[in-house]
Amino acid sequence: MFDLFDDDDDSHDEQSPPKIKLSLVPKIAELFRGHHAKIILALGFAFASTIFLVGLPLLFRKIIDDGITKNNSSFTLKLALGYLALTVLYRTFEYLQTVLVGTMGISIVNNLKMKLLTHTLSLSIRFFDKTETGKLISRIESDSQRLFMLFSSVGLQLFSSVLIILFSFAIMFSVNVEFTLYVLCCAPLFLGSAVIVFSRMRPLFRKERELYARITGFAGEHISAIPLLRNLNSIQWSRDKFSEMNREKTRFSFRVEAIEASFWAVMFITPVIATTIIFYLGADKIAYGTMTIGTLLLFFQYITGIISPLIVISEQISEVQKAFASSERIFDLLATQPEVKNPISPINIPKFSDCIRFENVTFGYNDTPIIKNVSFEIKKGTSVAIVGATGAGKTTITSLLTRWYDVQSGKITLDGLNIKEFRQQDLAKILSFVMQDIYLFPGTIRDNLRAMRIDIPDSQVEQAVQSLDIQHIIERFENGLDTVLSENGKNLSFGERQLLSFARALTFQPEILIIDEATSSVDPVTEARLQESLLTLLQGRTSIIIAHRLSTIIHADKIVVMNNGMIAEEGTHDELLILNGMYARLYNLQSQHNFYA
């Protein structure tokens with residue numbers, strides 16, 4: 001049986017196959033640039049293999065009529081060897097076209113994947129905010145792979161199948177027009193059955209797959225929840241629920257199997273009907289000497305020979321439709337432009353010597369502003385803490401400074417120069433980010449500390465480790481810095497992973513350091529250890545610290561208190577306590593909580 005499941009990630013809810021948009025053809029054709037010689041050669045191989053294939057029944061007729069029937073054994077042997085040679089040539093050219101088109105498809109799709117990844121990495125952060133990671137992976141991998149199928153096996157099978165059918169009917173018409181017309185009369189029955197199998201049955205297969213997904217999802221969820229189910233005495237309920245879902249799936253699968261089997265039976269009985277007609281009519285002609293046995297067998301071979309190409313065409317049309325749908329999604333992604341763009345004539349970032357200024361900055365992720373008319377400055381070499389309730393706009397401020405987003409009004413300047421005049425990659429060279437969510441890549445500790453950049457020398461990595469005094473973490477492992485981390489660093493504690501993120505920031509020796517809630521998810525003992533390392537990290541460096549725990553930022557040179565997207569208070573820890581405003585209330589509340597804890 002053929003795979004009739006529609007496994008495309010974006011079309012599983014559709015009740016009809018996607019349409020082929022001819023406007024996509026020029027864009028798809030553009031992907032073949034540089035491969036024209038291979039295409040021409042592949043077409044030549046396809047023609048050659050088809051000619052040898054459809055020539056086999058003609059040679060077989062000659063073996064029967066001029067060899068076996070006339071009892072000419074030597075001539076029969078020569079013809080049989082010719083038949084063997086023709087078969088070898090057919091298979092050889094088929095192999096050559098398969099390899100040639102396959103390698104071309106691999107080359108095209110690999111280049112396309114690289115282009116998609118490079119383009120995706122150039123897009124602005126807002127794009128990733130509203131686009132699911134799974135869909136991006138699907139665009140780069142699944143959709144590209146579907147195009148590869150179009151460029152290689154699907155396209156090749158369609159082209160070869162059409163050639164086989166055309167050449168076969170051309171030869172049959174040249175041999176006997178009457179018999180060929182009888183064969184064509186049976187075609188509507190076959191084609192009608194094929195349309196039902198490959199289009200009408202698809203919703204049934206889609207529903208069956210959905211039922212299967214429900215069962216596997218239920219099993220996975222309940223297996224992982226076995227301790228809870230046992231604790232609540234709900235094992236029997238889980239078993240009964242699974243049994244009910246399984247019965248529904250079984251009943252539906254039986255129905256699908258019965259319907260599919262009936263359609264296939266009709267499809268495959270069609271050539272038998274055509275063959276029966278040919279044999280019935282041919283028997284009299286052979287008796288009267290107006291037709292040879294070889295000619296009758298020639299028609300039999302062509303009838304059975306064109307069934308497979310017809311099935312291939314019927315099946316692969318849906319694959320072509322899905323490939324076009326994939327190409328549309330791919331070209332839509334490639335047409336997406338970054339929201340934050342580099343200036344046409346960028347200026348070089350100066351050596352940071354004075355201050356960073358936010359001047360009447362307003363910004364919102366949609367029509368509602370998150371921060372409103374915010375103005376403050378960060379002097380070189382000072383630490384500025386930004387505090388406030390969740391949603392007050394703290395992280396947004398740092399996202400604007402790094403140009404993950406651009407301000408909607410106002411401006412941010414570095415030594416008096418608008419940061420919009422700098423290239424984003426140049427701005428990133430003087431900034432380093434320590435985030436609350438710790439990202440550790442697959443690879444060694446050393447690779448993680450230099451973020452896979454081979455231009456960072458080992459001495460720089462080792463210096464960062466020594467400066468933060470975290471050799472004890474590295475020495476726990478036999479291979480030291482060359483220890484391979486497990487997935488997301490699960491062979492390290494949370495505190496150790498956070499210390500490694502500090503070391504990574506220090507490895508890049510940034511002029512400006514941004515720390516976002518770096519100690520908010522740890523116990524007091526680990527927090528004290530992280531705070532000690534943090535002081536080392538901040539020493540002599542311009543820094544912006546976002547914190548919920550106010551005890552971690554009491555030594556900051558300046559504290560900016562945010563409320564509803566605006567600056568409510570600004571000053572040192574002592575100044576804000578004397579002011580007895582929002583900061584003082586938050587600090588006293590946290591101090592009381594810690595005391596009673």
Search all heavy atoms of [X] against all heavy atoms of [Y] and return the closest pair with its distance.
{"X": "Val109", "Y": "Leu147", "value": "CG2-C, 4.3 Å"}
{"X": "Thr382", "Y": "Asp557", "value": "CA-OD2, 3.2 Å"}
{"X": "Ala505", "Y": "Val434", "value": "CB-CG2, 3.6 Å"}
{"X": "Lys394", "Y": "Ile386", "value": "CD-O, 3.6 Å"}
{"X": "Ala547", "Y": "Ile553", "value": "CB-CG2, 3.9 Å"}
{"X": "Leu100", "Y": "Ala42", "value": "CD2-N, 3.5 Å"}

About how many Å separate [atom2] of [Y] and [atom1] of [X], when rounded to the nearest 0.5 Å?
{"X": "Leu431", "Y": "Ile349", "atom1": "CG", "atom2": "CD1", "answer": "7.5 Å"}
{"X": "Ile512", "Y": "Ile378", "atom1": "CD1", "atom2": "CD1", "answer": "8.0 Å"}
{"X": "Leu24", "Y": "Phe331", "atom1": "CG", "atom2": "CZ", "answer": "6.5 Å"}
{"X": "Arg126", "Y": "Ser399", "atom1": "CZ", "atom2": "OG", "answer": "11.0 Å"}
{"X": "Arg139", "Y": "Ile330", "atom1": "CZ", "atom2": "CD1", "answer": "8.0 Å"}
{"X": "Leu334", "Y": "Leu112", "atom1": "CG", "atom2": "CG", "answer": "6.5 Å"}

A side-chain contact here means heavy atoms from C-beta on lying under 4.5 Å apart; do [X] and [Y] qualify?
{"X": "Ser142", "Y": "Arg146", "answer": "no"}
{"X": "Ser543", "Y": "Ile515", "answer": "no"}
{"X": "Gln466", "Y": "Gln471", "answer": "yes"}
{"X": "Met104", "Y": "Ile39", "answer": "yes"}
{"X": "Ile371", "Y": "Met562", "answer": "yes"}
{"X": "Ile430", "Y": "Leu414", "answer": "yes"}
{"X": "Glu575", "Y": "Glu570", "answer": "no"}
{"X": "Leu500", "Y": "Arg504", "answer": "no"}

Is there a donor-acceptor pair under 3.5 Å between the side chain of [X] and the backbone N or O of [Y]?
{"X": "Thr131", "Y": "Phe128", "value": "no"}
{"X": "Ser144", "Y": "Ile140", "value": "yes"}
{"X": "Ser375", "Y": "Asn360", "value": "yes"}
{"X": "Glu421", "Y": "Asn418", "value": "no"}
{"X": "Gln408", "Y": "Gly364", "value": "yes"}
{"X": "Glu359", "Y": "Gly410", "value": "no"}
{"X": "Arg403", "Y": "Phe422", "value": "yes"}
{"X": "His119", "Y": "Thr336", "value": "yes"}
{"X": "Lys558", "Y": "Glu377", "value": "yes"}
{"X": "Asp516", "Y": "Ile546", "value": "no"}

Within 6.0 Å of [atom1] in [X], more than 12 heavy atoms from elsewhere:
{"X": "Tyr212", "atom1": "OH", "value": "no"}
{"X": "Leu121", "atom1": "CG", "value": "yes"}
{"X": "Asp332", "atom1": "CG", "value": "yes"}
{"X": "Lys38", "atom1": "NZ", "value": "yes"}
{"X": "Lys420", "atom1": "NZ", "value": "yes"}
{"X": "Gln425", "atom1": "CD", "value": "yes"}

Under the salt bridge (charged side-chain N to carboxylate O under 4.0 Å, His left out) rule, what do Glu30 and Lys27 come out as? Steps first, then yes or no, please. CA-CA 5 Å; Glu30 184 68 20; Lys27 294 180 180 180; over 6 Å; no
Taking Arg450 first and then Asp458, would you say they form a salt bridge - that is, a charged N and a carboxylate O separated by under 4.0 Å? yes
If you measure from the Lys or Arg side-chain nitrogens to the Asp or Glu carboxylate oxygens, is any gap between Glu511 and Lys429 under 4.0 Å? no
Pair Ile445-Ile473, side-chain contact (heavy atoms from CB on, under 4.5 Å): steps then yes or no: CA-CA 10 Å; Ile445 296 176; Ile473 298 176; 5.8 Å; no
Check each of Ile554, Leu550, Ile559 against Leu576 using the side chain to side chain contact (heavy atoms under 4.5 Å, CB included) test, and report the only one that passes. Ile559
Decide side-chain contact (heavy atoms from CB on, under 4.5 Å) for Phe502 and Leu506; before the verdict, give the C-alpha distance in whole Å, the side-chain angles of both, and the deciding distance to 0.1 Å. CA-CA 6 Å; Phe502 287 173; Leu506 190 57; over 6 Å; no
Walk me through whether Thr398 and Thr395 qualify under side-chain contact (heavy atoms from CB on, under 4.5 Å). CA-CA 5 Å; Thr398 59; Thr395 300; 4.1 Å; yes
Give the C-alpha distance, both sets of side-chain angles, the deciding distance and a yes or no for side-chain contact (heavy atoms from CB on, under 4.5 Å) between Asn448 and Leu485. CA-CA 9 Å; Asn448 270 277; Leu485 295 177; 3.6 Å; yes
Step-by-step side-chain hydrogen bond (donor to acceptor under 3.5 Å, both in side chains) determination, Ser501 to Gln498: CA-CA 5 Å; Ser501 72; Gln498 190 62 277; 2.5 Å; yes
Pairs meeting criterion ring-ring contact (aromatic ring centres under 6.0 Å, His included) with involvement of residues 366-408, two or more places apart: Phe358-Phe376, Phe363-Tyr405, Tyr365-Tyr405, Trp404-Phe433
Between Glu462 and Ser459, is any side-chain donor less than 3.5 angstrom from a side-chain acceptor? no
With no hydrogens and no angle check, do the side chains of Thr362 and Asn373 hold a donor and an acceptor under 3.5 Å apart? no
